[in-house]
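Written out below as structure tokens is the structure these notes cover.
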Amino acid sequence: MEKKEIREKVLQLRDQQKPADRALWDDIIYGKFTGSEDYRDAGVIFIFVSFRSEVDTHRIIRKALEDGKTVVVPKVVSKKEGMKVFRIGSMSDLEAGYFGVLEPKEGCLPIPSEEIDLVVMPGAAFDREGGRIGYGGGFYDRYLSEMGREVRKVALAYRMQVLDKVTMDENDIRVDSIITN
Ligand SMILES: Nc1ncnc2c1ncn2[C@@H]1O[C@H](COP(=O)(O)OP(=O)(O)OP(=O)(O)O)[C@@H](O)[C@H]1O
Ligand SMILES: [Mg+2]
């Protein structure tokens, strides 16, 4: 199947899950992630801010801030310029931006990618080799390739998002691990 087809199928399925089920799965993923060595060892965490039926990261972000981590979140600058990342000190540093996704407000400090220890990745579909299909913007693939170094990448996903095999192009960057329910 083509990436676009896989993306649409899996996102449709994810949207159809019961909110109560997703809440239970979110709890499991929250526990696994915040109990992980990746989390423990990271001082600076780049994490997506969850939107709609994505695995909830708001609770993870609050916990990371409480634990004294430096939390940085992306902002889409433009299709051409891609994403930049900014430090937030609390959830109130966020406001609705690109497609309604919560993004850092004006005044948040931009953080150079050199400082990032761990990237927590969103996505539509994944496979067991770390293959990943995002939302079609190429923003994460580009950001990671422009980092110009290896950085630890952990994806958060519901089990139904992990397939046997997803189609990968040359620009697509694999994740190192996937935490699921
Ligand atoms: N490193 C890159 N440099 C330039 N263009 C890129 C790069 N990575 C991806 N792209 C382009 O971005 C477009 C979207 O890519 P793709 O379909 O892989 O998005 P995606 O992985 O679903 O999105 P995202 O990475 O934001 O989650 C494609 O045209 C792809 O060629
Ligand atoms: Mg891609």
Side-chain angles (χ1 to χ4, degrees), residues 1-17 22 26 29 33 38 42 44-58 60-61 71-86 88 94-104 108 110-180:
M1 266 196 287
E2 277 193 55
K3 278 160 73 170
K4 185 164 178 284
E5 207 182 337
I6 300 174
R7 181 183 292 124
E8 281 169 7
K9 277 217 165 89
V10 176
L11 289 180
Q12 197 180 31
L13 190 63
R14 194 180 72 185
D15 281 340
Q16 287 166 0
Q17 303 304 307
R22 286 202 286 106
D26 286 341
I29 294 167
F33 177 71
D38 283 327
V44 181
I45 301 177
F46 170 177
I47 184 167
F48 69 100
V49 185
S50 57
F51 180 62
R52 297 181 57 171
S53 66
E54 285 183 323
V55 170
D56 177 54
T57 63
H58 295 210
I60 293 173
I61 291 170
V71 176
V72 307
V73 302
K75 180 180 172 70
V76 171
V77 178
S78 65
K79 193 102 191 163
K80 186 157 157 278
E81 283 186 85
M83 300 192 297
K84 286 193 164 60
V85 306
F86 298 84
I88 59 165
L94 299 171
E95 66 182 4
Y98 193 76
F99 287 125
V101 177
L102 288 173
E103 293 187 332
C108 288
I111 298 296
S113 69
E114 289 80 13
E115 293 183 17
I116 296 167
D117 298 318
L118 175 65
V119 183
V120 182
M121 308 267 295
F126 300 89
D127 68 28
R128 290 170 176 280
E129 274 73 57
R132 169 183 176 274
I133 295 177
Y135 295 101
F139 292 117
Y140 276 86
D141 289 319
R142 250 177 73 194
Y143 187 85
L144 292 169
S145 87
E146 284 167 9
M147 279 181 84
R149 66 173 168 101
E150 274 306 314
V151 64
R152 184 85 183 156
K153 296 172 281 295
V154 176
L156 306 180
Y158 299 125
R159 241 151 63 175
M160 110 258 319
Q161 294 177 260
V162 184
L163 313 179
D164 282 344
K165 189 111 192 129
V166 299
T167 312
M168 294 281 282
D169 296 333
E170 56 178 23
N171 279 326
D172 289 322
I173 294 182
R174 287 176 194 274
V175 298
D176 299 300
S177 82
I178 307 170
I179 296 181
T180 70

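Counting convention: from 1, in listed order, for ligands and their atoms alike. Note that the structure is predicted; figures quoted are calculated from it, not measured.
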* Structure fact -> The option among Asn171, Thr167, Asp141 carrying the non-hydrogen atom nearest to atom 31 (O) of ligand 1 is Asn171

* **Closest to atom 12 (O) of ligand 1 among Gly138, Ser145, Gly136, Gly82 (heavy-atom distance)** => Gly138

4.5 Å side-chain heavy-atom contact, [X] and [Y]:
X	Y	value
Asn171	Ser145	no
Arg128	Val162	yes
Gln16	Ser53	no
Val49	His58	yes
Lys153	Glu150	yes
Glu115	Val72	no
Gln17	Tyr158	no
Tyr135	Leu11	yes

* To do: If you have a sec, work out which protein heavy atom is nearest atom 17 (O) of ligand 1 and how many Å separate them, to one decimal?
  => Arg7 NH2, 3.3 Å

* To do: Write out the residue and atom name of the closest protein heavy atom to atom 2 (C) of ligand 1, then the distance separating them to 0.1 Å.
  => Arg142 CG, 3.2 Å

* Structure fact -> In short, Pro74 meets Pro104 closest at the heavy-atom pair O-CD, 3.4 Å

Show the atoms of ligand 1 that are less than 4.0 angstrom away from any heavy atom in [X].
X	result
Phe139	24 (P), 25 (O), 26 (O)
Lys3	16 (P), 17 (O), 18 (O)
Tyr140	24 (P), 25 (O), 26 (O)

* If only protein N, O or S atoms under 2.8 Å count, total around the Mg ion (ligand 2) -> 2

* Structure fact -> Taken to the nearest 0.5 Å, the spacing of Ile29 CD1 from Ile179 CD1 works out to 8.0 Å

* Output yes when a side-chain donor or acceptor of Arg22 lies under 3.5 Å from a complementary backbone atom of Asp15, and no otherwise. => no

* To do: Could you see which bit of Arg132 sits under 4.0 Å from ligand 1, with heavy atoms only: side chain, backbone, both or neither?
  => side chain

* To do: Classify the contact between Asp172 and ligand 1 as side chain, backbone, both or neither, using a heavy-atom distance cut-off of under 4.0 Å.
  => side chain

* Asked: Are there more than 12 heavy atoms of other residues, nucleotides or ligands under 6.0 Å from atom CZ of Arg149?
  -> yes

* Asked: Under 4.0 Å from atom 14 (C) of ligand 1, do we find at least one protein heavy atom?
  -> yes

* To do: Check whether any protein heavy atom sits under 4.0 Å from atom 29 (O) of ligand 1.
  => no

* Asked: Quick check: does Gly134 get an N/O under 3.5 Å from an N/O on ligand 1?
  -> yes

